[in-house]
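The structure appears right after this line, and notes come after that.
Just so you know, these numbers come straight off a predicted model, no measurement behind them. All ligand and atom numbering here is 1-based and tracks the order in the structure.
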Amino acid sequence: MENLKELANLLFPNIDKTPDFYEELYPQRNLKEGARVTRLAPSPTGFLHFGNLFTGMVAYKTAKATDGIFYVRVEDTDQKRKIEGAVEVMLEGLSAYGVTPDEGVMVNGTQQGSYGPYVQSERKEIYQTYAKYLVEQGLAYPCFCSAEELEEIRNSQENEDIKGYYGKYAKCRDLTFEQIKKNIDAGKTWTLRLKSPGDITKKCYFDDMIRGKIEMPENVIDVVLLKTDGIPTYHFAHAIDDHLMRTTHVTRGDEWIASVPLHLQLFRCLGFKAVKYAHVAPIMKEDNGGKRKLSKRKDPEAAVTYYKQQGFPAESVNEYMMTIMNSNFEDWRRMNKDADINAFPFNLKKMSVSGALFDMVKLTDVSKNVISTMPAEKVFELSYEWAKEFDEKLAALYEQDKAYATAVLNIDRGGKKPRKDISKWSDIPEYLSYMYDETYTENYELTGNATPKLAIEVLELYKNVFDTEDDKDTWFGRIKDICEPVGCTPNVKEFKQNPDMFKGHVGDVSTIIRVALTGRTNTPDLYFITKLLGRERAYERMNKALAFYKEEK
Ligand code: GLU
C-alpha cells in the first residue's frame, strides 16, 4: 500500500507524537556497567501467589546483585479482571518479604521515577503512538473480522500445524486503503494486528538466562496488538514498556516462553534493542508420587497470605525461598552462618529449569533454624505482632506480663545448640501452654522406669526441698539427692550396669518432676521452667500430681 501515512492518520487521528518523542523523554539510564534493570509486572488480581513472590524475588535479586534498578509496573490492561485495592494488597504482600521497588508503583500506591507512568492503563497514548508508527511502516493493519469470522477460521484449521490468523487465513491483511476507509466510515470496529514479517521455514534463536540456548520456529501469526477499544494486548504493551522503561532483563513465568519468538519479532519491528529474558519455571509440588504445579485452587500454601497467617516469619520464608531458588545457597549458608541473606551472590544460572520443588517439611525445618537463632526479644515482638492479628488469646496472655513471656521464650535460647521447637508463631500457644494456668492441661502419663508409685515417693520428697532461688547446680544437686532415698541412682551408667538393683535413675526422677510441673515428658530446661513458674505454682502442681497418682494407686 502506498498511502500508509494516510492510513495511519485515518486510524489514529488524535496521535500527534512520534516514537522519537518518547525515546527522548525516557533516555538510556545512567547506570554502571553491568547493572541490570528488572521489573515485576503484576496484573492486579488481588491474589499474590507464592510463584509471584518467587518471581518478584528473582527480579529483585537480579537487580540488587548488580547495583541495578528493580521497578514495579502494573499491568491492568485486562479491565475485566481488575479488582479495587488489588495492587496495594499485592505490593504489601511483596514488601513484607523485602521485595520493595526502587521505582514504579510503590508500596503506598504512589508512582515514583522518571520512566512512568508505571500503570499500563495510563499509557494508552504511548501505545497508540507506536501502533501508528507500525502502520506507517506497513507492519500493522486493522482487522475487521467479527468473533464469528474468527471462529470460522479456527474451525477451518483443523489440519494445519499452525493455527491462528496468518497467511491465507489473515483475511484483512491485504485490504486496500479504500476498503479500510469504507469499513471505518461504516462504523465497523477493528483491532490492530501485526503484519508479521516471520518466515515459516525459519528459526528464531535466543539465549534464556535460566534455560540456556533455545530454538523455536519464527512467529508468523498476525497477533492482535490493540483490541477494539484501543487497549494493547500484553505482547504489545510489554515490548513498549520494557523498552521505554529501559529494562535490561525480563524475568517472568515460563508460560511466556512460547511467545518469545513473537516478542523478539515485535522488538525488531519497533526498532528496539531486544531485552534479555529469564524464564522462571513454576513452583512444583509433590502429589501422589508425581509432580504438579503449586495450585491456587488446591494448595493453601500457594497464597502468600498463608505464611503470614500461620506466622512464618518473613526471614524464614526468604531463607527457604533462596534454598529453592539457587542450588548453591545451602552450601553458601553452611560457610556463612551469620551472614545477611543479601550477601549471597544470587545467580540466574543457578536456577532450576524444571521448577523448584516446594516442600513444607523443608520450610518448617529452615524456619525452626531461623527462629532458633533469634533473640527472645525478637521472637516476642514478632509473635506478639502476629498474635494481635491472628490469635487474640495469645496476645492476651502476653499482655499479662510481657517480661514473663519474653523470659519463657528465652529458655534454652542462645548457646551452641538452641532448641528448635518453634517453626512458626502459631506453634507458640502450644509450646508455652504449661507456662500459663489458663492454658495448662495436666497429663500425668509417665515414661521410662517412672511409675505412679515411684512418682509419689519422688514428689513427696521433692516438693518440700525444691527452691526456686537455687542456682542450677544446687537445683540439680537436690534432684540427685532424692534418688537414693527413693531407691534410684543418680548415676545413669550405674543403672545401666545393674538395672535390677534400682527402681530407676536420675533421668526417671527428673521425668516425674517434669511431668508433674508441665504435663509433658519433653520440655526445655526444667530448671528455668521451675524458676519461672515460681514456688507457689510449682508446689501446687506437684500436689495435684500427687493426688492423681495416689488415687490411681
Ligand atoms: N502481567 C503479566 C503476568 O502477570 C506479566 C508477565 C511479565 O512479567 O512480563 O503474567
Side-chain angles (χ1 to χ4, degrees), residues 36-63 68-83 86-91 93-94 99 101 103-105 115-124 126-127 206 208-211 214 219 223-225 227 231-267 270 272 274-283 293-296 302-304 325 348 351 355:
R36 294 176 174 179
V37 180
T38 64
R39 85 299 189 277
L40 183 68
S43 299
T45 59
F47 180 81
L48 191 62
H49 191 287
F50 186 73
N52 297 134
L53 172 62
F54 188 80
T55 312
M57 186 62 87
V58 170
Y60 175 83
K61 295 268 173 201
T62 301
I69 300 279
F70 166 69
Y71 72 88
V72 168
R73 174 173 78 229
V74 171
E75 304 209 324
D76 59 347
T77 55
D78 191 350
Q79 298 285 333
K80 275 180 272 147
R81 290 169 67 200
K82 209 165 169 176
I83 293 170
V87 174
E88 287 78 1
V89 169
M90 296 175 86
L91 291 176
L94 291 163
V99 181
E103 174 182 314
V105 183
Y115 291 82
Y118 296 90
V119 176
Q120 286 187 331
S121 57
E122 296 169 23
R123 299 173 62 80
K124 203 166 163 181
I126 302 177
Y127 304 127
F206 72 100
D208 187 272
M209 300 289 292
I210 295 172
R211 307 172 142 242
I214 296 184
N219 171 62
V223 293
V224 172
L225 303 177
K227 295 177 260 186
I231 303 274
T233 53
Y234 164 73
H235 305 299
F236 191 48
H238 110 276
I240 292 168
D241 293 346
D242 281 325
H243 171 69
L244 290 181
M245 294 175 188
R246 307 297 176 183
T247 315
T248 62
H249 290 68
V250 167
T251 51
R252 62 182 178 186
D254 73 356
E255 67 271 24
W256 296 111
I257 206 151
S259 308
V260 174
L262 163 64
H263 294 166
L264 292 175
Q265 191 173 74
L266 280 172
F267 274 85
L270 289 159
F272 301 160
V275 288
K276 287 211 160 62
Y277 286 105
H279 286 94
V280 179
I283 309 284
K293 285 186 200 169
L294 189 64
S295 144
K296 170 178 172 180
V304 171
M325 200 176 274
L348 285 172
M351 289 187 63

Selection from Pro42, Ser43, Gly56, Pro44 by shortest heavy-atom distance to atom 3 (C) of ligand 1: Ser43
For atom 9 (O) of ligand 1, closest protein heavy-atom neighbour: Tyr234 OH, 2.3 Å
Check: Val250 N/O within less than 3.5 Å of ligand 1 N/O: no
Exam field: side chain Gln265 to backbone Asn219, donor-acceptor pair closer than 3.5 Å: yes
Given Val72, Val119, Val105, the one that forms side-chain contact (heavy atoms from CB on, under 4.5 Å) with Val87: Val105
Within-cut-off N or O pair, Thr251 and ligand 1, under 3.5 Å: no
Test log, rule side-chain contact (heavy atoms from CB on, under 4.5 Å), inputs Val260 and Phe206: CA-CA 9 Å; Val260 174; Phe206 72 100; 3.5 Å; yes
Exercise: do Arg252 and His279 side chains pair donor with acceptor under 3.5 Å: yes
Proximity flag Gly253 to ligand 1, non-hydrogen atoms under 4.0 Å: no
Nearest-0.5 Å distance that lies between atom CD1 in Ile257 and atom CG in Asp208: 5.0 Å
Centroid separation Tyr234 to Trp256 less than 6.0 Å: yes
Ligand 1 atoms in contact with Glu75 (distance to a heavy atom under 4.0 Å): 1 (N), 2 (C), 5 (C)
Nearest neighbour in protein (non-hydrogen) for atom 10 (O) of ligand 1: Trp256 NE1, 3.5 Å
Option of least heavy-atom distance to atom 8 (O) of ligand 1 (set: Arg73, His238, Glu255, Arg39): Arg39
